[in-house]
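The block underneath contains the structure these notes are about, expressed in structure tokens.
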Amino acid sequence: MALLPILTAPDPRLKQKARPVGTVDADLVRLMDDMLETMYAAPGIGLAAPQVGVERRIIVVDIGKTEEDRAPICMANPEIVWVSDDDNTHEEGCLSVPDHYGQVVRPRVVRVRYLDRENEIREIEADGLLATVVQHEMDHLDGILFIDHLSALKRNMILRKLTKARKEAPVR
Ligand code: GNR
Ligand code: NI
């Protein structure tokens with residue numbers, strides 16, 4: 001297991017579209033485990049491979065509140081196959097947009113098809129926080145950050161602050 005460095009905006013690697021995986025093999029399972037370890041250490045409730053500089057369609061999620069009720073979900077090539085008509089607004093943050101938050105509107109319930117750690121096709125229906133996080137992680141695979149769902153004014157204010165913070169702390 002290994003901790004992976006997390007990229008922060010405005011890193012151009014966060015704006016790229018990640019390519020699908022073929023088979024979930026031992027190397028990709030190791031990547032999923034490293035991503036989970038990195039996510040728990042951060043701490044965060046989701047992580048997408050592009051955030052650790054790997055442009056492949058892999059995400060991990062765990063919305064459990066404590067170490068005892070850990071319930072990690074690892075997905076390769078996730079696809080949304082159904083969304084509910086009704087929306088939900090949730091305050092989002094992102095490990096790649098440190099110290100900034102914003103209200104994002106997304107479908108309340110989504111059905112997601114993906115390859116699991118055993119390379120088996122699975123489907124889950126996610127609602128509530130899980131639906132928010134899965135959609136947030138899947139956005140990362142297409143180079144989209146939660147700030148892209150905010151107004152240009154809010155987004156540019158956050159990006160300016162991140163650029164300034166990076167200049168003041170060049171070792172990040
Ligand atoms: O840890 C995280 N919390 C969070 C809270 C609300 C909506 C989305 C998230 S995902 C975020 C971790 C992260 O940046 N994943 O890409
Ligand atoms: Ni994020």
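All ligand and atom numbering here is 1-based and tracks the order in the structure. Note that the coordinates shown come from a computational prediction; the quantities given were computed from them, not determined experimentally.
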Per-atom filter on ligand 1: closer than 4.0 angstrom to a heavy atom of Gly44 are 1 (O)

Assess whether a salt bridge exists between Glu55 and Arg13, defined as any Lys/Arg side-chain N lying under 4.0 Å from an Asp/Glu carboxylate O.
no

Proximal ligand 1 atoms for Glu91, defined as those under 4.0 Å from one of its heavy atoms
6 (C)

Should one rank His136, Gln135, Arg106 by closest heavy-atom distance to atom 8 (C) of ligand 1, which comes out on top?
His136

Nearest 0.5 Å, please: how far is NE2 in His136 from NE2 in His90?
11.5 Å

When you draw lines from the Ni ion (ligand 2) to SG of Cys94 and to NE2 of His140, what angle lies between them, to the nearest 10°?
100°

Nearest heavy atom to atom 15 (N) of ligand 1 wins, so pick from Met138, Glu137, His90.
Glu137

Just verifying a value: how many Å separate Ile63 CD1 and Arg70 CZ, rounded to the nearest 0.5 Å?
14.5 Å

Atom 9 (C) of ligand 1: nearest protein contact (heavy atom, Å)
Gly93 O, 3.5 Å

Could you tell me whether Leu95 and ligand 1 have an N or O pair separated by under 3.5 Å?
yes

For the pair Asp11 and Arg166, find out whether any cationic side-chain nitrogen is under 4.0 Å from an anionic carboxylate oxygen.
no

Check this for me: does any side-chain nitrogen of one of Asp27 and Arg30 sit under 4.0 Å from a carboxylate oxygen of the other?
yes

For Asp85, does the CG atom have more than 12 heavy-atom neighbours from other residues, nucleotides or ligands under 6.0 Å away?
no

Output yes when the distance from some N or O of ligand 1 to some N or O of Ile45 is under 3.5 Å, and no in every other case.
yes

Return the CG to CD1 distance between Leu115 and Ile121, rounded to the nearest 0.5 Å.
6.0 Å

For the Ni ion (ligand 2), find the closest N/O/S atom belonging to His136 and write down its atom name.
NE2

Measuring from Asn77:CG to Arg19:CZ, what's the distance to the nearest 0.5 Å?
11.0 Å

Which atoms of ligand 1 have any heavy atom of Gly46 under 4.0 Å away?
12 (C), 13 (C), 15 (N)

For Cys94, take its heavy atoms, then give the atoms of ligand 1 lying under 4.0 Å from any of them.
14 (O)

What atoms of ligand 1 come within less than 4.0 Å of a heavy atom belonging to His140?
16 (O)

Would you call Lys17 and Asp142 a salt bridge, taking side-chain N to carboxylate O under 4.0 Å as the test?
yes

Could you tell me whether Gln51 and ligand 1 have an N or O pair separated by under 3.5 Å?
yes

